[in-house]
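The structure appears below as C-alpha cells.
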Amino acid sequence: MNEVQNEMRQDARTDKPKQTAVKRRKRKPAWRIARVLIFIAIWVIAIYAGLSIGYVIIGKRPLGDVFQWATWQHVFDLIFAK
C-alpha cells in the first residue's frame, strides 16, 4: 500500500496525469503461421466438400469425374458458350 501512496504523491507533485504504458502482446510467428495453415486447410476441405456435394449428390455423377480436367473444361464451355 505504501508504494501506491508514494506513486500518488509523486503524481500530485508534478500535476501531470500519470501515463501508464499499455503493453501490446506480440503474437508469436509460429502462431501466425499456424493460423494461415489452418485457414488454408479449412478452405481446401470446403472446396472438396462443395465439389463433392454439388457434383455427386446434386448432379448424380461419379466422384472420380470431379477431378478430371475434361469435366471442368466442359463446364467452362457451357457457361461461356464457346
Side-chain angles (χ1 to χ4, degrees):
M1 190 103 168
N2 270 342
E3 294 174 17
V4 173
Q5 290 174 348
N6 287 337
E7 287 178 8
M8 293 174 84
R9 287 182 197 152
Q10 290 173 355
D11 290 341
R13 289 181 205 156
T14 59
D15 291 334
K16 294 181 182 176
K18 185 177 178 182
Q19 295 178 354
T20 57
V22 177
K23 291 185 179 181
R24 296 180 77 180
R25 288 181 21 188
K26 292 184 180 180
R27 295 188 180 182
K28 297 178 182 177
W31 175 243
R32 189 174 291 171
I33 292 170
R35 280 187 9 191
V36 169
L37 292 176
I38 290 170
F39 175 78
I40 291 171
I42 290 173
W43 184 78
V44 168
I45 291 169
I47 293 292
Y48 180 77
L51 287 173
S52 299
I53 291 171
Y55 197 76
V56 176
I57 296 174
I58 297 173
K60 308 272 193 254
R61 299 288 183 176
L63 181 62
D65 289 350
V66 172
F67 300 107
Q68 291 182 357
W69 179 254
T71 302
W72 297 107
Q73 188 174 9
H74 179 68
V75 171
F76 182 83
D77 290 343
L78 289 173
I79 292 173
F80 294 106
K82 259 186 161 179

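Because the structure is predicted, anything quoted here is derived from the model rather than measured. Note that these values count all heavy atoms, side chains included, but never hydrogens, waters or copies made by symmetry.
Here I38 contributes atom CD1 and I40 contributes atom CD1; the two are 11.0 Å apart, rounded to the nearest 0.5 Å.
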V75 and W72: CA distance, side-chain angles, deciding distance, side chain to side chain contact (heavy atoms under 4.5 Å, CB included) verdict: CA-CA 5 Å; V75 171; W72 297 107; 4.1 Å; yes
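Scanning all heavy atoms of the two residues, the minimum distance from S52 to L63 falls at OG-CD1, 3.6 Å. Closest approach of L51 to V66, counting heavy atoms only: CB-CG1, 3.7 Å.
Taken together through direct or relayed side-chain contacts under 4.5 Å among Ile, Leu, Val, Met, Phe, Trp and Tyr, F39 and I42 form parts of separate hydrophobic clusters.
Sorted by first and then second residue, the pairs that involve residues 46-69 and meet ring pair (Phe, Tyr, Trp, His ring centres under 6.0 Å), not counting sequence neighbours, are Y48-F67.
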